[in-house]
S.K.: 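I'd like to ask some things about the structure below.
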Amino acid sequence: MSKPVNLDILNSGQLRNDWSLDEIGAIYNQPFNDLLFAAQTIHRQHFNPNEVQTSTLLSIKTGACPEDCAYCPQSGHYNTGLSKEQLMAVEEVITKAQQAKKNGATRFCMGAAWRSPREKDLTVVLEMVKQVKSLGLETCVTLGMLTDEQADQLAEAGLDYYNHNLDTSPEYYEQIISTRTYENRLDTLQNVRDAGINVCSGGIIGMGEQTKDRYGLIQQLANMPEHPQSVPINMLVAVEGTPLGKVEKLDSIDFIRMIATARIVMPKSYVRLSAGREDMNKETQTLCFAAGANSIFYGEKLLTTANPEAEADMQLFKQLGIQPEGAEVTNDEIKIPAPKKKELFYDASQV
Ligand code: SAM
Ligand code: DTB
Ligand code: SF4
């Protein structure tokens, strides 16, 4: 029989790496207002509650991927009508990065539809990383599986973050991907961590998984030797032609519960409200921020699918009194955020 859980302790924001599924389930399922209060309280202990980090994505190599991820429009196994594109030239990527910076993004994430990078392709990506970094942007890449040598090369080029998602629970994973294992993914993340690169790892919900698979995903992330510095929570973008193209739409309350649970069990990680915002109204997104999401993909495109227009996001930020973290002034609408001062944040333990 499983041990009884004490919600006050679970909601206390302890940094732990030994979460049980029962504990995560208890956090996720508690009354919504209690969940939101706990998540917001923990959020304020580590972050400015009115700042959100903004990352812009660019697909640097699109489509014809040999992997069979059931959610992905870029898999060569499915016909989604996507036009394939070879690896972009470095200059073209830099132009896009400059635009992203001008629009107020602080991180530039480059994604490639590869199982793993070939040596000659990695050489080009290393150059992209160096040049994007020299613009004063943080860098992130997602290139598939990496060996330890490849992770070291990326670290040497100055890469700040590597994105590699676990996607779902170990149990549900086999329903989603057959061409690479969960273990493969954990190995890549280990190589990234060992190279000293920040880990960006999360998953997708709304793929027809059961609630216990969501707990399983959170458990895998939170019980890593170190919590990922960045945790993207994606809502499935159902793309016609993929096996998940007609899956039932996720209820927004479930998505918000997932964000809040990630915040509570990984108190110091950036939790990113990721793919799927095109299908969310502003109230849902607002509740995600209240639940501790403090990062978004910013810019009108994700990799191949649509994301809200930058202007709409800035408008929402303005309405909510949110500042883009560390953004430079590019027009009158974006103000320089105040310097970080931990003591200014609301600390529930002092009240
Ligand atoms: N090929 C690399 C890999 O899989 O590691 C990098 C790119 S891949 C598109 C990055 C992540 O995007 C996936 O792991 C998945 O979590 C997310 N993703 C892909 N398609 C998605 C979709 N339709 N809806 C939501 N998230 C998606
Ligand atoms: C992540 O967790 N989500 C991003 C990023 N990491 C690379 C990708 C979302 C892709 C959504 C489908 C598309 O645009 O192709
Ligand atoms: Fe390929 Fe990545 Fe898409 Fe999987 S998620 S099919 S590995 S691009």
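As the structure lists them, so they are numbered: ligands from 1, and atoms in each ligand from 1. In what follows, every heavy atom counts, from backbone to side chain, and hydrogens, waters and symmetry copies are set aside.
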S.K.: Is Thr142 in polar range of ligand 2, meaning some N or O pair under 3.5 Å apart?
M.R.: no
S.K.: Just which atoms of ligand 2 are under 4.0 Å from any heavy atom in Asn163?
M.R.: 5 (C), 6 (N), 7 (C)
S.K.: Of the side chain and backbone of Leu303, name the one, both, or neither that has a heavy atom under 4.0 Å from an atom of ligand 1.
M.R.: side chain
S.K.: Can you tell me how far the CD atom of Glu183 sits from the OG1 atom of Thr188, to the nearest 0.5 Å?
M.R.: 10.5 Å
S.K.: At a 4.0 Å threshold, what atoms of ligand 1 neighbour a non-hydrogen atom of Met235?
M.R.: 25 (C)
S.K.: Could you tell me whether some N/O pair between Thr304 and ligand 2 is separated by less than 3.5 angstrom?
M.R.: yes
S.K.: Numbering the atoms of ligand 1 from 1, which are under 4.0 Å from a heavy atom of Val237?
M.R.: 22 (C), 23 (N), 24 (N), 25 (C)
S.K.: Can you confirm whether some protein heavy atom lies under 4.0 Å from atom 2 (Fe) of ligand 3, or whether none does?
M.R.: no
S.K.: Is Asp167 salt-bridged to Arg185, cutoff N-O under 4.0 Å?
M.R.: yes
S.K.: Tell me whether atom 4 (Fe) of ligand 3 has Cys65 as a neighbour, meaning an N, O or S atom of it below 2.8 Å.
M.R.: no
S.K.: Atom 3 (Fe) of ligand 3 and Cys72: any N/O/S contact shorter than 2.8 Å?
M.R.: yes
S.K.: Applying a heavy-atom cut-off of 4.0 Å, say which part of Thr142 lies close to ligand 1: side chain, backbone, both or neither.
M.R.: both
S.K.: Within 45° of the ring axis of Phe297 and under 6.0 Å from its six-membered ring centre, is that where the NZ or CZ of Arg272 lies?
M.R.: yes
S.K.: Counting heavy atoms only, which of Ile204, Asn165, Ile233 is nearest atom 27 (C) of ligand 1?
M.R.: Ile204
S.K.: Run the salt bridge (Lys or Arg N to Asp or Glu O under 4.0 Å) check on Asp313 and Arg277 step by step: do they pass?
M.R.: CA-CA 10 Å; Asp313 282 339; Arg277 289 199 298 121; 2.8 Å; yes
S.K.: Using a 4.0 Å heavy-atom threshold (strictly under), name the region of Lys61 that reaches ligand 1: side chain, backbone, both or neither.
M.R.: neither
S.K.: List every atom of ligand 1 that sits less than 4.0 Å from any heavy atom of Ala112, numbering the atoms from 1 in the order shown and giving each element.
M.R.: 1 (N), 2 (C), 6 (C)
S.K.: Check whether any heavy atom of Pro73 sits under 4.0 Å from an atom of ligand 2.
M.R.: yes
S.K.: Any donor-acceptor pair under 3.5 Å linking the side-chain atoms of Thr179 with those of Arg115?
M.R.: no
S.K.: Does Asp167 approach ligand 1 within less than 4.0 angstrom via side chain, backbone, both or neither, non-hydrogen atoms only?
M.R.: side chain
S.K.: Should the proximity of His164 to ligand 1, defined as any heavy atom under 4.0 Å, be assigned to the side chain, the backbone, both, or neither?
M.R.: side chain
S.K.: Is there a nitrogen or oxygen of Gln74 sitting under 3.5 Å from a nitrogen or oxygen of ligand 1?
M.R.: no
S.K.: Between ligand 2 and Val237, can you find any atom pair, the residue atom being a heavy atom, that is separated by under 4.0 Å?
M.R.: no
S.K.: With a cutoff of 4.0 Å, is Arg180 in contact with ligand 3, counting heavy atoms of the residue only?
M.R.: yes
S.K.: State, yes or no, whether a side-chain contact exists between Ser169 and Glu209 at a heavy-atom distance under 4.5 Å.
M.R.: no
S.K.: Is Tyr71 near ligand 2, meaning one of its heavy atoms is under 4.0 Å from it?
M.R.: no
